[in-house]
Amino acid sequence: MLEVQQLDVSYDGSQILRGVSLVVPAKKVVCLMGRNGVGKTTTLKAIVGLLKPSRGAIRLDNEVLGALTSDARARKGLGYVPQGRDIFPQLTVWENLKISLVVHRKKANGELDRVLELFPVLKTMLERKGGVLSGGQQQQLAIARALLTEPKVLILDEPTEGIQPSIIDQIGETLIKIRAEGKVSILLVEQYLDFALSVADSFYIMERGSIVAEGPIAHLNDDVVRKHLTV
């Protein structure tokens with residue numbers, strides 16, 4: 001569903017990504033892992049069009065995205081939840097959700113009911129401003145907002161960061177439900193090993209801007225973790 005080939009990205013003359021290649025199959029969850037500062041978020045930003053690669057190709061559902069802008073890529077089927085969530089704090093939960101429908105010129109068509117079933121806590125908070133929600137509730141809102149665009153690939157940057165364990169479990173269960181529905185593929189950057197093991201089908205590990213390990217999630221054993229992830 002999503003294919004990244006030999007991606008290079010540079011900042012101010014310094015090369016950050018070096019030949020990054022990865023594949024997100026249809027109906028699967030892929031976890032991109034690595035220590036801090038190795039290029040994970042840069043990879044996501046390049047995929048969604050917020051950064052321009054100096055080399056490489058990105059394909060979504062066999063279509064080369066090329067020079068498409070980030071909003072055009074979103075309309076093609078990339079849903080992005082950045083690190084920090086970036087909800088609109090002064091808008092209500094309902095207004096945050098409605099923005100996705102308006103921007104993408106979509107009607108709810110049952111999708112609103114679907115995301116509220118996936119995140120039932122939001123049902124009781126539709127009139128609350130986003131800024132008063134807890135971090136975990138804001139994360140659920142951000143994922144729900146992205147799902148309302150009906151993406152082909154949902155891209156999540158550290159969805160468990162700064163969130164209480166009970167909400168992490170809820171988000172994990174929701175991602176498993178989304179995968180089971182068979183409508184959306186998921187690419188997530190994640191540091192929390194147990195979470196990755198519970199939701200992902202496969203993994204990629206980055207070091208110094210390159211992919212250094214990959215495989216089915218069952219192959220993410222103690223030796224791989226010690227070598228590439230332990231700080």
Side-chain angles (χ1 to χ4, degrees), residues 1-86 100 103-104 142-143 145-147 149-161 175 184-191 196 200-217 220 224 227-229:
M1 184 54 68
L2 176 67
E3 183 178 7
V4 176
Q5 294 180 313
Q6 296 297 312
L7 208 62
D8 289 353
V9 172
S10 297
Y11 286 142
D12 298 326
S14 297
Q15 189 168 352
I16 307 301
L17 300 185
R18 298 172 173 84
V20 171
S21 296
L22 59 86
V23 173
V24 181
K27 307 176 186 179
K28 299 296 184 181
V29 179
V30 175
C31 187
L32 181 60
M33 310 179 76
R35 299 181 179 96
N36 289 333
V38 298
K40 304 183 301 295
T41 294
T42 298
T43 301
L44 300 191
K45 287 183 175 181
I47 290 171
V48 300
L50 296 174
L51 293 173
K52 184 178 180 181
S54 55
R55 182 175 74 103
I58 300 167
R59 290 180 174 84
L60 177 64
D61 200 10
N62 293 319
E63 180 179 354
V64 178
L65 299 183
L68 288 181
T69 58
S70 56
D71 60 302
R73 294 180 190 213
R75 291 187 176 91
K76 290 289 185 181
L78 289 180
Y80 179 47
V81 180
Q83 193 175 21
R85 300 175 279 276
D86 284 358
S100 283
V103 169
H104 291 268
I143 297 172
R145 186 178 62 182
L147 286 172
T149 69
E150 298 182 59
K152 296 175 181 177
V153 179
L154 178 64
I155 299 174
L156 308 174
D157 195 351
E158 299 209 28
T160 67
E161 184 182 33
L175 296 185
V184 182
S185 302
I186 299 173
L187 172 62
L188 73 148
V189 163
E190 186 51 63
Q191 302 266 35
D201 296 291
S202 59
F203 71 93
Y204 291 86
I205 295 178
M206 296 187 73
E207 283 185 10
R208 298 181 182 179
S210 300
I211 301 294
V212 295
E214 62 183 272
I217 199 66
L220 189 58
V224 175
K227 184 175 181 180
H228 299 296
L229 299 176

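The line from OG of S70 to CZ of R75 is 9.5 Å long, rounded to the nearest 0.5 Å. The CD atom of E190 sits 3.5 Å away from the OG1 atom of T160 when rounded to the nearest 0.5 Å. Atom-to-atom distance recorded for E158:CD and L32:CG is 10.0 Å, nearest 0.5 angstrom. Taken to the nearest 0.5 Å, the OG1 atom of T69 stands 12.5 Å off from the NZ atom of K52. For the atom pair CG of L2 and CZ of R59, the computed distance is 11.0 Å after rounding to the nearest 0.5 Å. Rounding to the nearest 0.5 Å gives a distance of 11.5 Å between CG of D71 and CG of L78.
For E63, the side chain to side chain contact (heavy atoms under 4.5 Å, CB included) partners at least two apart in sequence or on another chain are K76. Applying the side chain to side chain contact (heavy atoms under 4.5 Å, CB included) test to K28 and every residue at least two apart in sequence or in another chain returns P25, D201. Scanning for side chain to side chain donor-acceptor pair (under 3.5 Å) contacts around R55 gives Q6, D8, with sequence neighbours left out.
A donor-acceptor contact shorter than 3.5 Å links the side chain of S100 to the backbone of R145. S202 places no side-chain N or O within 3.5 Å of a backbone atom of I217 that could act as its donor or acceptor partner. Using a distance-only test at 3.5 Å, with no hydrogens or angles considered, a donor-acceptor pair links the side chain of Q15 to the main chain of L17. Side-chain atoms of Y204 come within 3.5 Å of backbone atoms of V23 as a donor-acceptor pair (strictly under, hydrogens ignored).
Closest of all the heavy-atom pairs between I58 and R73 is CD1-NH1, 3.8 Å. The heavy-atom pair separating L7 from A46 by the smallest distance is CD2-CB, 3.8 Å. Heavy atoms only, all atoms of each residue included: T149 and A146 are closest at OG1-O, 2.7 Å. Nearest heavy-atom pair, L51 versus Y11, reported as atom, atom and distance to 0.1 Å: CD1-OH, 3.0 Å. Residue I211 comes nearest to S21 through the heavy atom pair CG1-O, 3.7 Å, listed as atom of the first residue, atom of the second, then distance.
A 4.5 Å side-chain heavy-atom check between V189 and L44 finds at least one atom pair inside the cut-off. Contact annotation: the side chain of V38 never approaches that of I205 to less than 4.5 Å [non-hydrogen atoms, C-beta and beyond].
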Let's go through V24 and I155 carefully: what are the C-alpha distance in whole Å and the side-chain angles of both, what is the deciding distance for side-chain contact (heavy atoms from CB on, under 4.5 Å) to 0.1 Å, and is it a yes or a no?
CA-CA 10 Å; V24 181; I155 299 174; over 6 Å; no

Would K45 and V9 count as a side-chain contact (heavy atoms from CB on, under 4.5 Å) here? Give the steps.
CA-CA 10 Å; K45 287 183 175 181; V9 172; over 6 Å; no

Please step through side-chain contact (heavy atoms from CB on, under 4.5 Å) for the pair Q191 and N36, ending with a clear verdict.
CA-CA 9 Å; Q191 302 266 35; N36 289 333; 2.6 Å; yes

side-chain contact (heavy atoms from CB on, under 4.5 Å) between I47 and L60, intermediate numbers included:
CA-CA 10 Å; I47 290 171; L60 177 64; over 6 Å; no

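Test K40, R18, M33, R35 against M206 for side chain to side chain contact (heavy atoms under 4.5 Å, CB included) and you get one pass: K40. Among the candidates L156, L50, V153, the single residue satisfying the side chain to side chain contact (heavy atoms under 4.5 Å, CB included) test with Y80 is L50.
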